[in-house]
Amino acid sequence: MGKKARTPVGKEKAKDRKVNKGDLPPPPPPPDQLHGSAVPLAEPALPGSGFKVLGSDCYDDGGVGDLTLLIDLEDMVLRRKRGETEYFAALKADLLPRATYGSMARMTRREQKVSLAQLLFSEDNDDEDKGPSEVYTDQVDGEESKTVIDHRAGRLSQARAALRLSLLLREPACASLALAELCKRHLIYRGKEGASDALRCADKCLEIAGDGFWDGDEIALEADDDANSKQTALEKNATTPGLAHSASLKLLPIRVSHLCLRSGLLQRGNALAAMGREDDARETYERVFPLLKDEPRCSRVDWERHSLHVNIGNTYSRTKPESFERADEDYKKAEQLGQDHVDEAGGSETDGRSMLACARRHRCRALKRAGKVDDARKLMIELIQEQRKENERKAKKDAEEKAAKEKEKLDAAMGPAVPPVTKKC
């Protein structure tokens, strides 16, 4: 209970610490009522033509709903766990988990969560992997410039910083996503040499997202630069329930677990492919499709499906180059996803054309592996011609948008038109 305040100053401080229940916001909705971006919108929430859901008049929210669930800016999980009064009393007394040292010490918990979202989801203009595609290709050939190497090392350090901040804020979903990003960054920075470290990060990502238990100290090792040498120095003590555990599902929806599993499985498949374990990689990719079964047919999710099909086709092509027909089955599925968006009225035509080009590029490489050099050369010529047309379309569209903006500025500067004055007889 603690001692009661006796002095006027102490009584005033105690009064300030109390929470007025009448000033509290409404309690968060139950977890089973939160669906993130799984439910399409009747009207587009963001400007642009890239959010149309195929076969309907609805629109995707661009992943904003899923981002809200993962970052949890309103601390709905903590509020359900602690109760409204206890949570807001702890918030007022600055007792909630947050970074209290370093450059973020002056930031509130909410502001630190915003910074965490930027660490996890921001893209740099210099990124080689910029864009929605997650198709695995070995990007390390030993001839990279120092600028490229430094940039890749910086992105790896950024993923480690995101993991450290996620653990400080005690946000397991963000920690899981940070591990998936670490897996990706290990492959981009070190190539096949970093595949074992990447696989370890992916397995830990899935451990947090699963229905078992995980060890926070073991996860925290991945935030260190020499994480590999420290793996055997710590005895595992898994006591924290995963995102799909029954105890966690009382506080957050199962969709949070599914989102982390989708990201972790895709990156795990890429790590296995880098290690040459093509059959295991293909099996891992295929585990994602059940999680996408009820997702809307929008460009955001279809890019995920597209990446899986191309990756699966590549595993067949690399394992048995002569069996091109089996690999081409998945390339055709990936190509059809893009064609659907091109054919849809008001659909995501730009994304659709990018999907078509990506699938055809990897089909071209598979043809080359299979010894069908003439077919590969013919397809490459078609790709180059189509890319030129796409560049012309993009340049024309950009010019039209620029002209429209200039016209709006000119109209705004001139003001409303003044009607002519007519004299009465």
Side-chain angles (χ1 to χ4, degrees), residues 36-67 121-125 127-137 184 259 262-263 266-267 270 285 288-289 291-314 330-365 379 382-402:
S37 301
V39 180
L41 306 176
E43 298 290 337
L46 297 171
S49 59
F51 302 102
K52 182 79 161 54
V53 176
L54 297 183
S56 73
D57 295 329
C58 299
Y59 295 86
D60 180 46
D61 68 351
V64 174
D66 288 340
L67 180 63
F121 301 108
S122 64
E123 284 187 335
D124 292 344
N125 292 329
D127 282 349
E128 305 124 295
D129 58 327
K130 185 178 180 181
S133 177
E134 292 290 349
V135 176
Y136 168 71
T137 53
K184 178 179 178 180
L259 291 169
R262 281 159 54 179
S263 181
L266 181 53
Q267 299 303 332
N270 290 348
Y285 291 136
V288 184
F289 286 116
L291 301 173
L292 299 174
K293 182 180 178 182
D294 297 326
E295 292 295 311
R297 282 293 313 277
C298 58
S299 61
R300 175 179 57 86
V301 183
D302 274 358
W303 265 115
E304 203 169 341
R305 298 184 177 103
H306 176 274
S307 299
L308 291 168
H309 281 301
V310 174
N311 280 327
I312 290 172
N314 287 343
D330 281 282
Y331 295 143
K332 288 178 179 177
K333 291 177 182 178
E335 197 172 354
Q336 186 59 49
L337 288 170
Q339 192 63 49
D340 290 343
H341 285 279
V342 173
D343 296 339
E344 179 79 7
S348 311
E349 185 177 354
T350 302
D351 286 292
R353 294 188 185 281
S354 298
M355 291 181 200
L356 288 170
C358 179
R360 289 169 181 171
R361 278 197 304 271
H362 286 273
R363 177 187 284 119
C364 185
R365 294 172 186 172
L379 181 57
E382 292 177 2
L383 275 170
I384 294 172
Q385 293 174 346
E386 184 60 36
Q387 185 62 49
R388 287 174 179 171
K389 293 179 182 178
E390 180 63 23
N391 291 340
E392 292 174 0
R393 280 193 293 266
K394 186 177 180 181
K396 183 180 179 181
K397 183 178 179 181
D398 291 343
E400 291 175 353
E401 290 178 353
K402 185 178 179 180

Exercise for review: Please answer whether the main-chain N or O of S37 pairs with a side-chain N or O of D66 as donor and acceptor at a distance below 3.5 Å.
Suggested key: yes

**Study point:** Note, H362 side chain near T137 side chain (heavy atom, < 4.5 Å)
**Key:** yes

Exercise for review: Please name all residues satisfying side chain to side chain contact (heavy atoms under 4.5 Å, CB included) with R262, sequence neighbours left out, ordered by chain then number.
Suggested key: R255, L259, V288, L291, L292, E295, E304

Check your understanding: Going from NE2 on H306 to OG on S354, what distance comes out if it is rounded to the nearest 0.5 angstrom?
Key -> 9.0 Å

Exercise for review: Locate the shortest heavy-atom distance separating V53 from P296; write the atom from each residue and the value.
Suggested key: CG1-CB, 4.2 Å

Check your understanding: Does some side-chain heavy atom of Q387 sit less than 4.5 Å from a side-chain heavy atom of I384?
Key -> no

Study note, to complete from the structure: To the nearest 0.5 Å, atom CG of L356 lies from atom CD of Q339 at 5.0 Å

Review point. Quick one: are E382 and R360 in side-chain contact, heavy atoms under 4.5 Å?
Key: no

Exercise for review: Drop me the distance from L337's CG to M355's CE, to the nearest 0.5 angstrom.
Suggested key: 6.5 Å

Exercise for review: Mind running salt bridge (Lys or Arg N to Asp or Glu O under 4.0 Å) on E349 and R353 for me, showing each step along the way?
Suggested key: CA-CA 6 Å; E349 185 177 354; R353 294 188 185 281; 2.7 Å; yes

Practice item. Examine distances only and state if a side-chain atom of H341 and a backbone atom of D351 form a donor-acceptor pair shorter than 3.5 Å. Key: no

Review point. Do E390 and R393 sit within salt-bridge range, that is, some charged N less than 4.0 Å from a carboxylate O?
Key: yes

**Study point:** D340 side, atom CG; S299 side, atom OG - distance, nearest 0.5 Å
**Key:** 12.5 Å

Review point. Quick one: does R305's side chain get under 4.5 Å of K333's, heavy atoms only?
Key: no

Check your understanding: Could you walk me through whether E134 and K184 pass the side chain to side chain contact (heavy atoms under 4.5 Å, CB included) check?
Key -> CA-CA 9 Å; E134 292 290 349; K184 178 179 178 180; 3.2 Å; yes

**Study point:** Verdict with reasoning, V135 to R361, per side chain to side chain contact (heavy atoms under 4.5 Å, CB included)
**Key:** CA-CA 11 Å; V135 176; R361 278 197 304 271; over 6 Å; no

Exercise for review: Taking all non-hydrogen atoms of both residues into account, name the closest pair between K52 and A345 and its distance.
Suggested key: CE-O, 4.1 Å

Study note, to complete from the structure: In short, V310 meets A334 closest at the heavy-atom pair CG2-CB, 3.6 Å

Point to revise | From CA spacing to verdict: side chain to side chain contact (heavy atoms under 4.5 Å, CB included), N391, K394 | key: CA-CA 5 Å; N391 291 340; K394 186 177 180 181; 5.7 Å; no

Check your understanding: Just one of E400, E401, K396 clears the side-chain contact (heavy atoms from CB on, under 4.5 Å) bar with D398, so which one?
Key -> E401

**Study point:** Over all atoms of both residues, closest heavy-atom pair of Y59 and E43
**Key:** CD1-C, 3.9 Å

Exercise for review: Quick one: pull up SG in C358 and OH in Y331 and give me the separation to the nearest 0.5 Å.
Suggested key: 10.0 Å

Check your understanding: Would you say S133 and W303 make side-chain contact, with heavy atoms under 4.5 Å?
Key -> yes

Review point. Are the side chains of K332 and R363 in touch, meaning some heavy atoms are under 4.5 Å apart?
Key: yes

Practice item. Output yes when a side-chain donor or acceptor of N311 lies under 3.5 Å from a complementary backbone atom of Y136, and no otherwise. Key: yes

Exercise for review: Report the distance from atom CG of L41 to atom CG of D61, rounding to the nearest 0.5 Å.
Suggested key: 5.5 Å

Practice item. Verify side chain to side chain contact (heavy atoms under 4.5 Å, CB included) between D330 and Y285, making sure each step is shown before the conclusion. Key: CA-CA 12 Å; D330 281 282; Y285 291 136; over 6 Å; no

